Amino acid sequence: MIFILIGPPGAGKGTHSDALLRDFPCTKIATGDILRRHIKEGSSVGRRCEEIIGQGRLVDDATLWELLEPELTKLKDKAVILDGYPRNLAQATQLQEVVASNPIRAVVYIEADDNTLMERLCGRMLCPNCQSIYHRKTRVPRQAGLCDNCQAPLVVRPDDELEKVRTRLDIYAAETHPVVNYYQGLGLLKAVDGSQGIAAVYEQIKVMFRTKMV
Ligand code: AMP
């Protein structure tokens with residue numbers, strides 16, 4: 001079964017999907033993490049996508065499907081959390097191809113206003129090694145600049161710079177938000193208020209997840 005976390009950049013999809021992994025027997029597929037791994041390894045996909053991602057634009061649908069489809073096939077008997085996919089209607093339609101073997105159980109929509117999102121994204125730091133997420137005000141690492149889990153030096157994502165964040169929010173509104181309406185039409189959408197603190201938002205998601213896992 002598939003669970004989708006959807007919402008604007010900075011809504012907390014990565015943070016909350018990591019927390020769900022700790023509390024529920026499930027596996028996460030985060031398309032942004034997969035793409036960043038390709039960039040780090042210098043693969044042909046990584047070389048092709050690096051500039052696009054750095055600019056805050058979306059990678060093409062065919063590349064995404066090429067990366068995602070084998071993972072979904074491999075995990076078809078497991079509970080899978082999708083973080084970062086689908087990001088437009090074409091991807092949502094493509095995903096419907098696998099729902100016979102991996103039904104979509106719920107789509108969690110994490111809502112937050114643009115000011116909150118800008119604040120979160122512009123202070124964010126990422127561990128390039130284990131992908132843990134930090135923030136200079138709200139999720140400060142124990143040792144300055146180092147990941148709590150693996151002690152790797154933290155980095156700021158190139159697409160978290162102010163101009164790139166604006167581009168990403170615009171693309172979200174134009175291309176990804178229609179996917180929210182699409183899943184609402186299918187009766188799968190569960191909206192949570194993502195503007196509160198991490199613990200309060202996660203509590204809402206956890207309750208929803210617990211009822212849908214059984
Ligand atoms: P994320 O870590 O989910 O914010 O993704 C980082 C970047 O990877 C995005 O801004 C896009 O450039 C690219 N990306 C991730 N998922 C997708 C997707 N489903 N479709 C297109 N591009 C994607």
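Owing to the predicted nature of the structure, the values given are computational and were not obtained by experimental measurement. Atoms within each ligand, like the ligands themselves, are counted from 1 in listed order.
Take E161 and apply the side chain to side chain contact (heavy atoms under 4.5 Å, CB included) test, not counting sequence neighbours, and it matches K164. For Y85, there are no ring-ring contact (aromatic ring centres under 6.0 Å, His included) partners, not counting sequence neighbours.
Using cut-offs of 30° and 60° for the angle between ring planes, the H177 and Y172 rings count as perpendicular.
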Exercise answer, ligand 1 polar atom pairs (N/O) under 3.5 angstrom:
residue: ligand 1; atom: 2 (O); partner: R36; partner atom: NH1; Å: 3.0
residue: ligand 1; atom: 2 (O); partner: R36; partner atom: NH2; Å: 3.0
residue: ligand 1; atom: 2 (O); partner: R157; partner atom: NH1; Å: 3.2
residue: ligand 1; atom: 3 (O); partner: R87; partner atom: NH1; Å: 3.1
residue: ligand 1; atom: 3 (O); partner: R87; partner atom: NH2; Å: 3.1
residue: ligand 1; atom: 4 (O); partner: R87; partner atom: NH2; Å: 3.1
residue: ligand 1; atom: 4 (O); partner: R157; partner atom: NH2; Å: 3.0
residue: ligand 1; atom: 12 (O); partner: R57; partner atom: O; Å: 2.5
residue: ligand 1; atom: 16 (N); partner: T31; partner atom: OG1; Å: 2.8
residue: ligand 1; atom: 16 (N); partner: G84; partner atom: O; Å: 3.4
residue: ligand 1; atom: 16 (N); partner: R87; partner atom: NH1; Å: 3.0
residue: ligand 1; atom: 19 (N); partner: G84; partner atom: O; Å: 2.9
residue: ligand 1; atom: 19 (N); partner: Q91; partner atom: OE1; Å: 3.0
residue: ligand 1; atom: 20 (N); partner: Q91; partner atom: NE2; Å: 2.9
residue: ligand 1; atom: 22 (N); partner: V59; partner atom: N; Å: 3.0

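Applying the salt bridge (Lys or Arg N to Asp or Glu O under 4.0 Å) definition to pairs two or more places apart or across chains, those involving residues 31-46 are D33-R36.
Between I4 and L188, every side-chain heavy-atom pair lies at or beyond the 4.5 Å cut-off. Taking the side chain as every heavy atom from C-beta outward, F3 and I205 never approach each other to under 4.5 Å.
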